[in-house]
*Asks:* 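Structure provided below as structure tokens; questions to follow.
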Amino acid sequence: MYRTHTCGELRIDNVGTTVTLSGWVQRIRDLGAMTFIDLRDRYGITQLVVDENSDATLSKQLDELGREFVIQATGEVRERSSKNKNISTGDIEITLSKITVLNPSEIPPFTIQDDTDGGDDIRMKYRYLDLRRSAVRKNLELRAKMAHVIRTYLNSKDFIETETPVLIKSTPEGARDFVVPSRMNPGEFYALPQSPQQLKQLLMVAGFDRYYQIVKCFRDEDLRADRQPEFTQIDCEMSFVEQEDVLNTFEGLTRYIFKEVKGIEIDNFPRMLYSDAIEKYGSDKPDIRFEMLINDISSIVKGKDFTIFDSAEYIGAICAKGCADYSRKQLDELTNWVKRPQIGAKGMVYVKYNTDGSFKSSVDKFYSEDDLKEWAEKLDASAGDLILVLSGDKAHTINALGELRLEMGKRLGLKDKNIFKPLWVVDFPLLEWDEEAHRFFAMHHPFTSPKKEDFELLETEPGKVRANAYDLVINGVEIGGGSVRIFNSELQSKMFKLLGFTKEQAEAQFGFLMNAFKYGAPPHAGIAFGFDRLVSLFAGLDSIRDVIAFPKNNAGRDVMNDSPSLISQEQLEELNLKLDLKEKK
RNA sequence: GGUGGCGUAGUUCAGUUGGUUAGAAUAUCGGCCUGUCACGCCGAGGGUCGCGAGUUCGAGUCUCGUCGUCACCGCCA
């Protein structure tokens with residue numbers, strides 16, 4: 001038997017008993033005649049002691065010990081004479097009678113403790129050592145707990161957890177597919193699912209009624225802090241439901257997770273129209289922890305000979321509370337911030353509403369105090385506030401204002417990670433025009449149903465058609481999205497036509513789905529949550545890497561096992577593949 | 001595909017205007033130490049300044065290229 005207890009469970013009540021623990025040597029403190037060892041496992045740390053009363057051979061054994069050795073230690077539990085209130089086992093220690101090295105360790109490349117000295121690179125290369133640190137382990141424990149809570153809720157609501165295949169058919173819409181060559185079918189490829197979308201719809205045709213799956217999905221696109229090439233979704237679909245049923249069910253799930261995992265009760269989630277989200281927040285994933293709404297001030301600023309505004313399609317502003325004392329230097333820095341290529345504003349106009357009630361702006365030459373006062377009223381600004389104005393074409397300017405709003409929210413400390421403000425964004429556009437491809441693309445996916453009242457626009461102004469599509473957004477993070485699906489093969493054909501598919505193409509790509517719809521498809525709708533994002537949000541982290549056991553780096557590489565990697569000529573031949581790599585410069 | 005930051009001891013970093021032998025902390029090793037828990041004290045070892053080219057009497061420092069890494073834009077139904 002390797003252990004009678006874990007390193008996290010012994011308490012004062014255990015004093016006097018003889019126990020055996022196994023774990024890793026966290027640290028050795030040699031005080032000369034006595035030595036302390038911190039023994040660690042995933043449950044905690046227990047202090048071991050060897051003093052002058054101990055066996056002489058024991059002291060000798062201690063000389064051989066080093067950090068991260070795996071040892072088995074037997075001894076008697078006793079009360080500490082000086083206690084440590086910072087750890088749960090701090091009242092007791094083990095007087096060693098026997099120690100066995102189960103496995104020695106080389107000196108680790110970074111120190112394995114909460115305040116590690118290791119940077120990201122080296123911790124990723126030795127991720128298995130990084131995972132020994134409680135800070136990292138706790139993120140994965142949180143993930144496991146959340147998955148458990150989610151299953152409990154969905155099971156209680158009669159959802160059937162169903163696995164769908166990972167080797168599926170490649171589809172042209174959406175993200176790039178990861179593909180897998182088939183040895184038995186030379187020249188042909190499977191794709192890894194970007195989401196089990198069509199499969200779960202087929203489960204609805206099969207009458208499964210309520211399906212869910214916590215499932216890996218794959219997209220061969222560039223990475224970000226919140227995007228990995230393989231990630232996990234809570235994928236769901238329901239039959240005989242309308243949009244409202246889906247929103248209520250998954251609002252219920254989200255609230256249940258908050259309650260069970262964080263002990264937080266959250267009010268009903270507000271609903272916001274997509275068009276309002278864009279107009280007021282400059283984003284389809286608004287962070288509603290703070291206001292600072294975007295205001296269209298085009299109508300009141302034009303006609304004063306300020307040509308930049310007069311020639312702009314759109315002039316918008318936000319009001320930063322209490323920032324009128326910003327220095328010239330701070331304003332210049334902010335101006336440079338919005339002019340960076342990532343934001344792309346041409347410039348920025350500011351208006352200081354000084355605490356004494358006067359105004360000072362960068363456009364005093366064109367606007368009187370009364371003019372500026374009108375701006376302030378429009379923005380609901382008070383003395384002491386700072387108004388920031390951007391202008392240009394509408395789409396870009398609103399987007400830039402949205403970014404500026406988030407930046408100011410950050411600078412003003414309005415993005416409290418302990419506050420959670422979920423909302424539903426609804427009525428997304430059905431289609432998106434792509435200038436390069438010169439055709440419409442489905443904004444969500446091609447199976448999303450248009451709103452009934454917009455049916456007629458499908459023929460006349462497809463770009464204006466709204467969809468029965470919705471997103472769950474929490475603190476400016478897109479947590480999930482879904483839609484009411486098309487379940488009528490005629491309407492589905494119409495959609496494919498609108499997206500520029502010929503009948504033959506649609507048949508080749510999605511024929512199995514359209515065929516299934518001929519045999520009694522029930523009305524259905526669904527949603528998928530980004531599980532990694534949800535966990536990182538709960539953990540207060542900005543990167544989903546921290547809640548994934550073995551994540552990939554910026555370039556999609558796993559630096560621990562150095563993949564992806566070349567495969568042998570034999571493997572290539574078996575797969576009937578010939579590489580024709582473009583020469584690297 | 002693009003923009004920006006970073007790359008110096010095992011690790012995290014400092015390194016002034018381009019100038020003598022590249023430093024600190026931590027880790028490691030050795031010595032001392034009976035209540036530590038970030039133990040303390042004394043000492044030692046440890047460097048291809050990512051790589052390559054260039055400018056210069058002289059480059060960790062400047063220039064160009066390249067590789068790695070991070071953040072972002074494009075991309076992500």
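A, B, ... follow the sequence lines: proteins, then strands. Residue 1 opens every chain.
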*Asks:* Assess the pair A:F496 and A:F510: is the distance between their ring centroids shorter than 6.0 Å?
*Replies:* yes
*Asks:* How far, in whole Å, is B:U63 from B:U56 if one measures between their C1' atoms?
*Replies:*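 Going atom to atom, C1' in each nucleotide, I get 12 Å.
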*Asks:* At their closest point, which heavy atom of A:L499 faces which heavy atom of A:F440, and how far apart are they?
*Replies:*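 Looking at all heavy atoms of both residues, the closest pair is CD2-O, 3.6 Å.
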*Asks:* Mark yes or no for a side-chain to base donor-acceptor pair under 3.5 Å between A:E93 and B:G35, with no hydrogen or angle criteria applied.
*Replies:*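 Under the 3.5 Å cut-off, the side chain and the base do form a donor-acceptor pair.
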*Asks:* By ring pair (Phe, Tyr, Trp, His ring centres under 6.0 Å), which residues pair with A:Y281, not counting sequence neighbours?
*Replies:* none
*Asks:* Compute both the distance and the angle, then confirm whether A:R533 meets the cation-pi test with A:F531: under 6.0 Å from the six-membered ring centre, within 45 degrees of the axis.
*Replies:*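 No, a cation-pi geometry is absent between A:R533 and A:F531.
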*Asks:* Which is it for A:N399 and A:H396 under the side chain to side chain donor-acceptor pair (under 3.5 Å) test, yes or no, and what are the steps along the way?
*Replies:* CA-CA 5 Å; A:N399 183 56; A:H396 283 108; over 6 Å; no
*Asks:* Verify salt bridge (Lys or Arg N to Asp or Glu O under 4.0 Å) between A:E333 and A:K329, making sure each step is shown before the conclusion.
*Replies:* CA-CA 6 Å; A:E333 188 267 329; A:K329 195 177 163 191; over 6 Å; no
*Asks:* Taking the P atom of each, how far is B:U3 from B:A59, in whole Å?
*Replies:*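 It works out to 30 Å between them.
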*Asks:* Dot-bracket, 5' to 3', for RNA chain B please: Watson-Crick or G-U pairs under 3.5 Å, [ ] where pairs cross earlier ones, | where the partner sits on another strand, dots elsewhere.
*Replies:* (((((((..((((.....[...)))).(((((.......))))).....(((((..]....))))))))))))....
*Asks:* Mind checking ring pair (Phe, Tyr, Trp, His ring centres under 6.0 Å) for A:H445 and listing every partner two or more places apart, or none if nothing turns up?
*Replies:*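 Result, ring pair (Phe, Tyr, Trp, His ring centres under 6.0 Å) vs A:H445: A:F447.
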*Asks:* Write down the distance between CG (A:L48) and P (B:G35), rounded to a whole number of angstrom.
*Replies:*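 Between P of B:G35 and CG of A:L48: 19 Å.
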*Asks:* Specify the closest pair of heavy atoms between A:A400 and A:I343, including all atoms of both residues, with the distance to one decimal.
*Replies:* CB-CG2, 3.7 Å
*Asks:* Expressed as a whole number of Å, how far does the C1' atom of B:G54 sit from that of B:C75?
*Replies:* 37 Å
*Asks:* Between A:A175 and A:N86, which has a closest nucleotide on RNA chain B that is more 5'?
*Replies:*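 Per heavy-atom nearest nucleotide, the more 5' residue is A:N86.
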*Asks:* B:U8 and B:G68: how far apart are their C1' atoms, nearest whole angstrom?
*Replies:*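 15 Å, rounded to whole Å.
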*Asks:* Rounded off to whole Å, could you give me the CG-to-P distance for the A:D30 and B:C42 pair?
*Replies:*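 These atoms are roughly 17 Å apart.
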*Asks:* Please list residues of residues 32-41 of chain A whose heavy atoms come under 4.0 Å from any atom in RNA chain B, ordered by number; otherwise none.
*Replies:*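 A:G32, A:A33, A:M34, A:F36, in order of number.
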*Asks:* In this structure, how many angstroms lie between the P atom of B:G74 and the CD atom of A:E221, rounded?
*Replies:*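 So the CD-P distance, A:E221 to B:G74, works out to 12 Å.
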*Asks:* Need one value for A:K83: base, sugar-phosphate or nothing, where a base atom within 4.0 Å counts as base even if backbone is also close, heavy atoms only.
*Replies:*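 Base, at least one base atom sits under 4.0 Å.
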*Asks:* Identify the two heavy atoms, one from A:R133 and one from A:Q113, that lie closest to each other, and give their separation to 0.1 Å.
*Replies:*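 Heavy atoms of A:R133 and A:Q113 come nearest at NE-O, 2.9 Å.
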*Asks:* Over all strands shown, is A:L31 touching base, sugar-phosphate only, or nothing at heavy-atom distances under 4.0 angstrom?
*Replies:* base
*Asks:* Who passes side-chain contact (heavy atoms from CB on, under 4.5 Å) against A:S391, sequence neighbours left out?
*Replies:* A:I308, A:F309, A:A312, A:I315
*Asks:* Once side chain to side chain donor-acceptor pair (under 3.5 Å) is applied, do any residues pair with A:T164, and if so which ones, sequence neighbours excluded?
*Replies:*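 Counting only residues at least two positions away or on another chain, A:T164 forms a side chain to side chain donor-acceptor pair (under 3.5 Å) with A:Q213.
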*Asks:* Roughly how many Å apart are B:C13 and B:C70, using the P atom of each and rounding to a whole number?
*Replies:*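 Straight-line distance between the two P atoms is 14 Å.
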*Asks:* Can you pull out the residues from residues 498-514 of chain A that lie within a 4.0 Å heavy-atom distance of RNA chain B?
*Replies:* none
*Asks:* B:G40 and B:U26: how far apart are their P atoms, nearest whole angstrom?
*Replies:* 8 Å
*Asks:* Could you list by number each residue of residues 333-346 of chain A showing a heavy-atom separation from RNA chain B of less than 4.0 Å, or answer none if no residue does?
*Replies:* A:P341, A:Q342
*Asks:* Would you say A:K410 has more than 12 foreign heavy atoms packed within less than 6.0 Å of its NZ?
*Replies:*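 Check fails, neighbour count at 12 or below.
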*Asks:* Among residues 542-560 of chain A, which contact RNA chain B at a heavy-atom distance under 4.0 Å?
*Replies:*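 Residues of residues 542-560 of chain A under 4.0 Å from RNA chain B: A:R545, A:N553, A:N554, A:V559.
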*Asks:* Would you kindly check whether a donor in the side chain of A:R219 faces an acceptor in the base of B:C76, or vice versa, at under 3.5 angstrom?
*Replies:* no
*Asks:* On a whole-Å scale, what distance lies between the C1' atoms belonging to B:U61 and B:U55?
*Replies:* 14 Å
*Asks:* Please confirm whether the backbone N or O of A:P450 pairs with a side-chain atom of A:N468, one donor and one acceptor, at under 3.5 Å?
*Replies:*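 Yes, A:N468 side chain to A:P450 backbone: donor-acceptor pair under 3.5 Å.
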*Asks:* By a strict heavy-atom criterion of less than 4.0 Å, which residues belonging to residues 62-82 of chain A are in contact with RNA chain B?
*Replies:* A:R67, A:R78, A:R80, A:S81, A:S82
*Asks:* Considering only heavy atoms and no angle criterion, is a donor-acceptor pair shorter than 3.5 Å present between the side chain of A:R224 and the base of B:G74?
*Replies:*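 Per atom types, the contact qualifies.
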*Asks:* Heavy atoms under 4.0 Å, any strand shown: does A:I122 hit a base, just sugar-phosphate, or nothing?
*Replies:* sugar-phosphate
*Asks:* Whole Å only: how far is the CG atom of A:N399 from the C1' atom of B:C72?
*Replies:*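 Distance check: A:N399 CG to B:C72 C1' gives 13 Å.
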*Asks:* Any side-chain N or O of A:R29 less than 4.0 Å from the OP1 or OP2 oxygen of B:C39?
*Replies:*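 It does, given that an N or O in the side chain of A:R29 lies less than 4.0 Å from OP1 or OP2 of B:C39.
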*Asks:* Just to verify, what does A:F36 make a ring pair (Phe, Tyr, Trp, His ring centres under 6.0 Å) with, not counting sequence neighbours?
*Replies:* none
*Asks:* With sugar-phosphate meaning primed atoms plus P, OP1 and OP2, does A:M124 contact a base, only sugar-phosphate, or nothing at under 4.0 Å between heavy atoms?
*Replies:* nothing
*Asks:* A:Q509 and A:Q505: side chain to side chain donor-acceptor pair (under 3.5 Å), yes or no, with the steps?
*Replies:* CA-CA 6 Å; A:Q509 296 299 337; A:Q505 285 170 327; over 6 Å; no
*Asks:* For the pair A:D546 and A:R127, find out whether any cationic side-chain nitrogen is under 4.0 Å from an anionic carboxylate oxygen.
*Replies:*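 Between A:R127 and A:D546 there is no salt bridge, as every charged N stays at least 4.0 Å from the carboxylate O atoms.
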*Asks:* Select base, sugar-phosphate, or nothing to describe what A:D51 touches, counting heavy atoms under 4.0 Å on all strands.
*Replies:* nothing
*Asks:* Grab the CG-C1' distance between A:D226 and B:C70 for me, whole Å please.
*Replies:*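 Atom-to-atom, A:D226 to B:C70, this comes out as 14 Å.
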*Asks:* Residues two or more places apart in sequence or in another chain: which of them pass ring pair (Phe, Tyr, Trp, His ring centres under 6.0 Å) with A:F178?
*Replies:*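 A:F178: no ring pair (Phe, Tyr, Trp, His ring centres under 6.0 Å) contacts found.
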*Asks:* Compute whether any side-chain donor of one residue and acceptor of the other, for A:D177 and A:Q194, lie under 3.5 angstrom apart.
*Replies:*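 Yes, because at least one side-chain N or O of A:D177 sits under 3.5 Å from a partner of the opposite role on A:Q194.
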*Asks:* Please report the distance, rounded to the nearest Å, between CD in A:E173 and P in B:C76.
*Replies:* 11 Å
*Asks:* Using the P atom as the point on both nucleotides, what is the distance between B:G23 and B:C67, in whole Å?
*Replies:* 33 Å
*Asks:* Remember a base hit wins even if backbone is also touched, and classify A:S195 as base, sugar-phosphate or nothing at under 4.0 Å, heavy atoms.
*Replies:*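 Base, at least one base atom sits under 4.0 Å.
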